[in-house]
Amino acid sequence: QVHVVESGGGFVQVGDSLRLSCAASGDTSCLRAMGWYRQVPGKERELVAAVTDGGSTVYAPSVKGRFTISGENIGTNTKNTVDLQMNNLKPEDTAVYYCLARDMVCHNQEYWGQGTQVTVSS
């Protein structure tokens with residue numbers, strides 16, 4: 001079992017920066033990727049960015065060049081973390097952001113955090 005906890009959401013102005021942090025604990029040796037998704041009411045949850053244990057990253061086109069994802073210790077027995085640095089925030093970035101930890105080795109299972117609200121005001 002893996003427990004995922006996010007932090008760092010808040011209320012900011014257009015053009016501001018915000019950093020989200022996520023930590024996974026428990027049976028983390030089976031993890032191979034962690035990432036951030038976001039969701040607004042009435043829409044499906046969408047990928048923002050993800051990083052693998054090997055350091056490969058993927059970004060949604062809408063955030064490329066503004067957001068940076070970084071992961072540490074993914075797949076090890078120490079605390080696995082993933083941060084999302086968000087710069088030049090726009091109103092359309094307003095959403096609940098969820099952290100995902102993906103076990104692709106032992107149980108082929110996904111673990112989600114509880115979500116953190118990001119609101120960008122114009």
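Residue numbers start at 1 and run along the sequence shown.
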query: Hey, mind stepping through Leu31 and Arg102 against side-chain contact (heavy atoms from CB on, under 4.5 Å) and telling me if it holds?
result: CA-CA 5 Å; Leu31 299 181; Arg102 182 166 289 160; 5.8 Å; no
- request: Go through the steps for Ile69 and Met34 under the test side-chain contact (heavy atoms from CB on, under 4.5 Å), then give the verdict.
  value: CA-CA 10 Å; Ile69 191 168; Met34 294 182 70; over 6 Å; no
- request: For side-chain contact (heavy atoms from CB on, under 4.5 Å), just list the numbers for Asp16 and Val120, CA-CA rounded to whole Å, side-chain angles, deciding distance to a tenth of an Å, and then say yes or no.
  value: CA-CA 8 Å; Asp16 283 352; Val120 184; over 6 Å; no
- request: Determine, step by step, whether Thr52 and Ile74 satisfy the side-chain contact (heavy atoms from CB on, under 4.5 Å) criterion, reporting the C-alpha distance in whole Å, the side-chain angles of both residues, the deciding distance to 0.1 Å, and the verdict.
  value: CA-CA 7 Å; Thr52 69; Ile74 297 174; over 6 Å; no
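Distance alone, capped at 3.5 Å, places no donor-acceptor pair between the Tyr37 side chain and the Ala49 backbone. The main-chain N or O of Ser25 is never found under 3.5 Å from a side-chain atom of Thr28 such that the two would form a donor-acceptor pair. In this structure, the side chain of Asn73 does not engage the main chain of Thr76 through any donor-acceptor pair within 3.5 Å. A donor-acceptor distance shorter than 3.5 angstrom exists from the side chain of Asn80 to the backbone of Gly75, with no hydrogens or angles considered.
A 4.5 Å side-chain heavy-atom check between Tyr111 and Asp103 finds at least one atom pair inside the cut-off. Using a 4.5 Å heavy-atom threshold, the side chains of Ser21 and Thr81 count as separate. The closest side-chain heavy-atom distance from Ser121 to Phe11 is below 4.5 Å.
Under the 4.0 Å criterion applied to side-chain N and carboxylate O atoms, Arg19 and Asp83 are assigned as salt-bridge partners.
Val118 and Val82 fall within a single hydrophobic cluster, where Ile, Leu, Val, Met, Phe, Trp and Tyr are joined by side-chain heavy atoms under 4.5 Å apart, directly or via other members. Leu100 and Val48 sit in two unconnected hydrophobic clusters of ILVMFWY residues. Membership requires side-chain heavy atoms under 4.5 Å apart, directly or through other members. Trp112 and Leu47 fall within a single hydrophobic cluster, where Ile, Leu, Val, Met, Phe, Trp and Tyr are joined by side-chain heavy atoms under 4.5 Å apart, directly or via other members. Residues Leu84 and Val58 do not share a hydrophobic cluster, clusters being chains of Ile/Leu/Val/Met/Phe/Trp/Tyr side chains in contact below 4.5 Å. Hydrophobic cluster membership differs between Val4 and Val96, with clusters built from Ile, Leu, Val, Met, Phe, Trp and Tyr side chains linked at under 4.5 angstrom.
Remark: Ser122 OG to Lys90 NZ distance equals 13.5 Å, nearest 0.5 Å. To the nearest 0.5 Å, atom CE of residue Met104 and atom CZ of residue Arg32 are 9.0 Å apart. The distance from atom NE2 of His107 to atom SG of Cys30, rounded to the nearest 0.5 Å, is 5.0 Å.
Shown here for Ala24 and Val2, the closest heavy-atom pair between the two residues is CB-CG1, 3.9 Å.
There is a side-chain donor-acceptor pair under 3.5 Å between Thr119 and Gln117. For the 3.5 Å distance criterion, the side chains of Ser17 and Asn87 qualify, holding a donor opposite an acceptor.
For residues 2-11, the pairs satisfying side-chain hydrogen bond (donor to acceptor under 3.5 Å, both in side chains) are Glu6-Gln114, with sequence neighbours left out. Listed by first and then second residue, the side-chain hydrogen bond (donor to acceptor under 3.5 Å, both in side chains) pairs involving residues 92-101 are Arg38-Asp93, Arg38-Tyr97, Arg66-Asp93 (not counting sequence neighbours).
Ring centroid separation for the pair Trp36 and Phe67 does not come in under the 6.0 Å cut-off.
Within a 6.0 Å sphere centred on CD of Glu72, other residues, nucleotides and ligands contribute 12 heavy atoms or fewer.
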